Trainee: 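I have a structure here, written as structure tokens, and I will follow up with some questions on it.
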Protein chains: 2
Amino acid sequence: MEKREFKEKVYSELASLTKALAHPFRLQIIDLLAQGSRSVEEIAAQVDISIANASQHLQVMKGANLVSIQKEGHYVHYRLADERVYTVWQSLRELGIDRLAQIERTLKDFREEKNSFQSLSIDQLLEKISEEGVVILDVRPEKEFKAGHIPQALSVPMEKLAQKIADLPAGKEVVVYCRGPFCVFADEAVGLLTGQGIRAIRLEEGFPDWKSRNLPFQTIS
Amino acid sequence: MEKREFKEKVYSELASLTKALAHPFRLQIIDLLAQGSRSVEEIAAQVDISIANASQHLQVMKGANLVSIQKEGHYVHYRLADERVYTVWQSLRELGIDRLAQIERTLKDFREEKNSFQSLSIDQLLEKISEEGVVILDVRPEKEFKAGHIPQALSVPMEKLAQKIADLPAGKEVVVYCRGPFCVFADEAVGLLTGQGIRAIRLEEGFPDWKSRNLPFQTIS
DNA sequence: CAATTATTCAATAAAGTTATTGAATATATT
DNA sequence: AATATATTCAATAACTTTATTGAATAATTG
């Protein structure tokens with residue numbers, strides 16, 4: 001094999017892999033599948049695209065070995081093929097959040113609108129846990145909480161939050177988390193809580209990031 | 001801002017960033033710029049494409065904030081805009097090498113052809129250094145060696161290797177490294193050395209990977 | 001200031017990607 | 001066996017990306 005041919009093969013394959021990531025919907029799908037496997041229907045609903053379109057994007061990702069499938073009845077469940085798919089997405093995300101002024105501004109604008117001005121990193125949360133008593137709130141759908149959550153977190157899915165505010169331990173600071181840095185549930189929750197005079201702050205990252213750092217987590221079966 | 005609008009903005013920006021990576025030549029350019037800054041001319045020569053084409057690809061990368069420029073006379077020197085650009089490439093590479101059968105096979109075929117059957121990881125090299133005495137050979141061009149190399153490594157650019165074999169400390173095992181896992185110099189060197197009866201093995205990763213692990217390195221000014 | 005050199009720009013044609021349809025497939029239920 | 005359901009397939013049109021030209025720009029040298 002020629003040197004040139006070798007390079008062409010290797011870099012082309014890796015560029016194809018990269019292309020298979022490079023679409024807004026496909027990145028959203030990765031964020032979703034990081035919560036667990038999902039059917040085409042569920043994916044289409046969450047990303048808010050047609051089923052045929054979702055299926056097409058999933059084919060692209062499957063072709064690049066980013067996701068794998070498991071058939072069950074007439075459902076096809078898609079999952080991330082490898083933990084490192086999420087690792088790649090994490091490093092892309094970090095680079096973008098820090099270096100693309102556009103993204104930083106969009107995040108800031110959106111959060112200010114929700115009165116979610118600050119955020120906490122996982123490291124800062126770990127410190128807070130060991131020092132003070134904080135209430136940790138998981139505002140993802142119950143299914144995702146059951147599949148895995150930060151130890152001691154309370155499950156209060158976003159749509160139930162308003163009616164459950166009264167039940168929260170009084171006087172304590174609340175840290176809210178959801179799926180990841182682009183998940184809007186946490187910002188909405190912080191907005192709602194601070195509106196009620198409760199000190200609340202969002203966790204910058206989400207549960208998949210907690211898990212990928214090999215921190216302990218709880219599940220409910 | 002609407003939830004949907006927010007998601008669209010953020011994921012689209014990140015997809016654009018990903019697209020700016022997703023071309024075989026552009027990935028090669030990242031590997032090259034990880035060695036230090038280079039002019040358009042040098043980049044075009046190394047990647048083996050026309051200058052206009054190289055310039056065009058560099059514009060795409062600059063537009064996505066992956067690279068930055070410094071003008072000097074009528075030269076434009078391009079460099080990686082952020083260390084994390086290389087981090088993203090590393091994680092993509094790892095995912096691909098491990099999971100794309102096609103890449104694994106290409107690597108294996110090429111290396112077998114060069115009689116470079118095995119390779120050593122950085123961790124394995126670190127062990128070897130502390131235990132036995134090994135000779136570490138840097139077969140990149142001298143300019144790259146000067147810009148930074150593994151401590152104690154000997155600089156023997158590929159084109160000078162044949163005539164310098166006699167000067168190598170006899171009886172010791174030789175570990176050869178170059179730019180990264182897809183750099184072919186190391187494989188060619190291993191082929192040449194084993195052909196002369198010298199025990200040689202390539203380092204899987206390259207100097208940028210050594211550096212990105214914050215291991216100590218030497219420079220020559 | 002004319003000539004040289006490195007890089008970028010602009011136009012173009014070819015190739016690749018995408019969303020939208022509606023039909024096809026394959027499994028499960030009645 | 002017929003019907004219903006989830007997913008995939010195939011065709012198409014709109015759009016984007018790419019390599020190749022040759023011209024334009026901008027800094028340096030003679």
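What you see is a predicted model; the values in this text were computed from it and never measured. Throughout, a chain's letter reflects where its sequence line sits, starting with A, and its residues are numbered from 1.
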Trainee: Rounded to whole angstroms, how far apart are CG on A/N53 and C1' on D/dT8?
Mentor: 13 Å
Trainee: Base, sugar-phosphate, or nothing for A/S50, non-hydrogen atoms under 4.0 angstrom?
Mentor: nothing
Trainee: Any side-chain donor paired with an acceptor under 3.5 Å for B/S91 and A/T87?
Mentor: no
Trainee: Which whole-number value in Å describes the distance from B/D48 CG to D/dA19 P?
Mentor: 13 Å
Trainee: Listed by chain and number, what are the side-chain hydrogen bond (donor to acceptor under 3.5 Å, both in side chains) partners of B/S119, not counting sequence neighbours?
Mentor: B/E204
Trainee: Roughly what angle, to 10°, lies between the helix axis at the start of the helix from C/dC1-D/dG30 to C/dT30-D/dA1 and the one at its end, five pairs per end?
Mentor: 20°
Trainee: Would you mind listing every salt bridge (charged side-chain N to carboxylate O under 4.0 Å, His left out) that reaches into residues 147-157 of chain B, with sequence neighbours excluded?
Mentor: none
Trainee: Would you say the side chain of A/V176 lies within less than 4.5 Å of the side chain of A/I201, judging by non-hydrogen atoms?
Mentor: no
Trainee: Restricting to ring-ring contact (aromatic ring centres under 6.0 Å, His included), what partner residues turn up for B/H23, sequence neighbours left out?
Mentor: B/F25, B/H57
Trainee: For the residue pair B/S212 / B/Q90, report whether a side-chain donor-acceptor contact shorter than 3.5 Å exists.
Mentor: yes
Trainee: Determine the minimum heavy-atom distance between A/P216 and A/P151, stating which atoms define it.
Mentor: O-CD, 3.2 Å
Trainee: Name every residue in residues 55-65 of chain A that has at least one heavy atom under 4.0 Å from any atom of DNA chain C, in order of residue number, or write none if there are no such residues.
Mentor: A/Q56, A/H57
Trainee: Give the rounded distance in Å between these two atoms: CD1 of A/I49 and P of C/dT20.
Mentor: 9 Å
Trainee: Flag the pair A/K114 and A/D109 as a salt bridge only when some basic side-chain nitrogen lies within less than 4.0 angstrom of an acidic carboxylate oxygen.
Mentor: no
Trainee: Measure CD1/B/I69 against C1'/C/dT8 and give the value in whole Å, please.
Mentor: 11 Å
Trainee: Closer than 4.0 Å, any side-chain N/O of B/Y75 to the OP1 or OP2 of C/dT8?
Mentor: no
Trainee: Give me each pair satisfying salt bridge (charged side-chain N to carboxylate O under 4.0 Å, His left out) with a member in residues 136-160 of chain A, each pair once, sequence neighbours excluded.
Mentor: A/R38-A/E144, A/E42-A/K143, A/D138-A/R140, A/E142-A/K146, A/E144-A/R179
Trainee: According to ring-ring contact (aromatic ring centres under 6.0 Å, His included), who are the partners of A/F185, at least two apart in sequence or on a separate chain?
Mentor: none
Trainee: Suppose we screen for side-chain hydrogen bond (donor to acceptor under 3.5 Å, both in side chains). Which residues come up paired with A/N115, at least two apart in sequence or across chains?
Mentor: none
Trainee: Output all residues satisfying side-chain hydrogen bond (donor to acceptor under 3.5 Å, both in side chains) with A/T106, sequence neighbours left out; order by chain, then residue number.
Mentor: none
Trainee: May I have the distance from A/E8 (atom CD) to D/dT18 (atom C1'), rounded to whole angstrom?
Mentor: 15 Å
Trainee: How many Å lie between CD1 on B/I43 and C1' on C/dT8, as a whole number?
Mentor: 14 Å
Trainee: What's the verdict on salt bridge (charged side-chain N to carboxylate O under 4.0 Å, His left out) for B/K108 and B/E104, showing C-alpha distance, side-chain angles and the deciding distance?
Mentor: CA-CA 6 Å; B/K108 197 162 161 280; B/E104 215 191 324; over 6 Å; no
Trainee: Among residues at least two apart in sequence or on other chains, which ones pass ring-ring contact (aromatic ring centres under 6.0 Å, His included) with B/F217?
Mentor: B/F207
Trainee: Among residues 16-26 of chain A, which ones have heavy-atom contacts with DNA chain C below 4.0 Å?
Mentor: A/K19, A/H23, A/F25, A/R26
Trainee: Find the distance B/E41:CD to C/dT8:P and express it as a whole number of Å.
Mentor: 12 Å
Trainee: Atom CD1 of A/I29 and atom P of C/dT18: how far apart are they, to the nearest Å?
Mentor: 12 Å
Trainee: Each nucleotide in nucleotides 22-30 of chain D should get exactly one letter: B, S or -. Can you fill that in based on protein heavy atoms under 4.0 Å?
Mentor: -----BS--
